[in-house]
Amino acid sequence: MPTWLVTGANRGIGLAFARTLSRRGESVIGTARRPDRAGELPETGARVEPLDVGDDASAAALAKSLEGETLDVLILNAAIGEEGPGVDGLVAADVERTLSVNAVGAVRVTRALLPNLRAGKRRTIVALSSGLASIEHNAGGGWTAYRMGKAALNMFVRTAAAELSHARFTCVLIDPGWVRTAMGGPEAPLTPEASVEAMLRVIDGLRPSDSGRFLDRRGQDVPW
């Protein structure tokens, strides 16, 4: 039975991953900043672990808790974001916080859990990116800090794919689409469950030759 770890699993897309994978009979570890406020996550049957992806010590503590255990698939889902002000109103501290969570957070977690992933059979890292991270598609501006964070995440995963190819890792980015979450808002056309079901069809079919790709939930390449 493969073991999946999903960051930010206490709500939205992360919770849908935990629920869907548990129903499939997979072993799931779901992280939340505050496990005592993890909402419906414990009810999914997932093992709940504390993790603040924006904190070095928290990532190290997670690695310590999982020492000696194997992981097959890491889902880097935890993120923050809002539309925010235009370029002339950006606050540097807000941009730095978004980068710390959305991009550097993936670095923290991946580095911490690489020994566990090396011990697993699938050696798969899936980072949830966004169509807003596509430089080619950015014709309207807006969401500056969020775009920057996800674009930086893209570069990290592409680099990890290149460096870990010798170890037969598969590292990809997936745009989940416009999803009805706290960030996506009530007008979004996709439910978290529908998005996750589509993404899992892509993830289940991944091969090492796919490593380094930026995909949408249907498995089509997204322009960088």
Side-chain angles (χ1 to χ4, degrees), residues 3-55 57-59 61-62 65-66 71 73-84 94 97-110 112-113 125-133 143 145-147 149-150 153 157 173-203 216-217:
T3 299
W4 302 59
L5 188 142
V6 183
T7 66
N10 56 301
R11 64 179 183 174
I13 294 174
L15 179 60
F17 263 116
R19 184 180 289 122
T20 303
L21 290 168
S22 293
R23 287 175 179 166
R24 290 189 350 174
E26 314 274 9
S27 175
V28 183
I29 301 170
T31 73
R33 282 191 301 163
R34 291 284 303 271
D36 59 328
R37 298 181 183 178
E40 300 173 43
L41 178 58
E43 299 171 13
T44 67
R47 168 180 165 185
V48 183
E49 290 284 347
L51 174 65
D52 179 351
V53 301
D55 182 73
S58 182
L62 176 64
S65 177
L66 299 180
L71 292 177
V73 185
L74 171 61
I75 304 290
L76 295 167
N77 164 74
I80 60 174
E82 58 184 17
E83 184 173 6
D94 294 340
R97 172 62 178 162
T98 302
L99 286 166
S100 178
V101 173
N102 294 2
V104 185
V107 177
R108 293 185 181 99
V109 177
T110 301
L113 300 181
I125 299 171
V126 178
L128 268 60
S129 186
S130 170
L132 292 174
W143 290 82
Y146 184 74
R147 287 183 189 273
K150 289 297 186 178
L153 170 69
V157 173
L173 296 136
I174 297 185
D175 170 15
W178 185 14
V179 185
R180 207 174 303 144
T181 62
M183 187 186 304
E187 302 302 318
L190 287 170
T191 65
E193 290 74 20
S195 174
V196 165
E197 287 174 6
M199 288 190 285
L200 283 174
R201 285 193 288 271
V202 175
I203 295 167
D216 65 18
R217 69 183 184 282

Given side chains that start at C-beta, do those of Leu41 and Leu15 come closer than 4.5 Å, heavy atoms only? yes
For Leu66 and Leu5, the nearest pair of non-hydrogen atoms, with its separation, is CD1-CD1, 3.6 Å
**Asked** Do any N or O atoms from the side chain of Thr31 and from the backbone of Gly8 form a donor-acceptor pair under 3.5 angstrom?
**Response** yes
On a heavy-atom basis, the closest approach of Ser22 and Gly45 is OG-C, 4.4 Å
### Query
Any chance CZ of Arg97 has more than 12 other-residue heavy atoms, nucleotides or ligands included, within less than 6.0 Å?
yes
Correct closest heavy-atom pair for Ile13 and Val196 would be O-CG2, 3.7 Å
For side chain to side chain contact (heavy atoms under 4.5 Å, CB included), just list the numbers for Val179 and Ser195, CA-CA rounded to whole Å, side-chain angles, deciding distance to a tenth of an Å, and then say yes or no. CA-CA 7 Å; Val179 185; Ser195 174; 3.7 Å; yes
Contacts under 3.5 angstrom, residues 47-55 side chains, donor-acceptor by atom type, not counting sequence neighbours:
| from | atom 1 | to | atom 2 | distance (Å) |
| --- | --- | --- | --- | --- |
| Arg47 | NE | Glu49 | OE2 | 3.0 |
| Arg47 | NH1 | Glu69 | OE1 | 2.8 |
| Arg47 | NH1 | Glu69 | OE2 | 3.3 |
| Arg47 | NH2 | Glu49 | OE2 | 3.0 |
| Arg47 | NH2 | Glu69 | OE2 | 3.2 |
| Glu49 | OE1 | Ser65 | OG | 3.1 |
| Glu49 | OE2 | Ser65 | OG | 3.2 |
| Asp52 | OD1 | Gly54 | N | 2.9 |
| Asp55 | OD2 | Ala57 | N | 3.3 |
| Asp55 | OD2 | Ser58 | N | 2.8 |

key: Any side-chain heavy-atom pair of Leu128 and Met199 under 4.5 Å   = yes
Quick one, Trp178 and Pro189 - any side-chain contact, counting heavy atoms below 4.5 Å?
yes
Can you list the steps and then say if Thr7 with Ile75 is a side chain to side chain contact (heavy atoms under 4.5 Å, CB included)? CA-CA 6 Å; Thr7 66; Ile75 304 290; over 6 Å; no
Between Ala79 and Lys150, the two heavy atoms sitting closest are CB-NZ, 3.7 Å
Residues Arg19, Glu40: salt bridge by 4.0 Å N-O rule
yes
For this session: Would you indicate whether the side-chain heavy atoms of Asn102 and Tyr146 approach each other to under 4.5 Å?
Result: yes
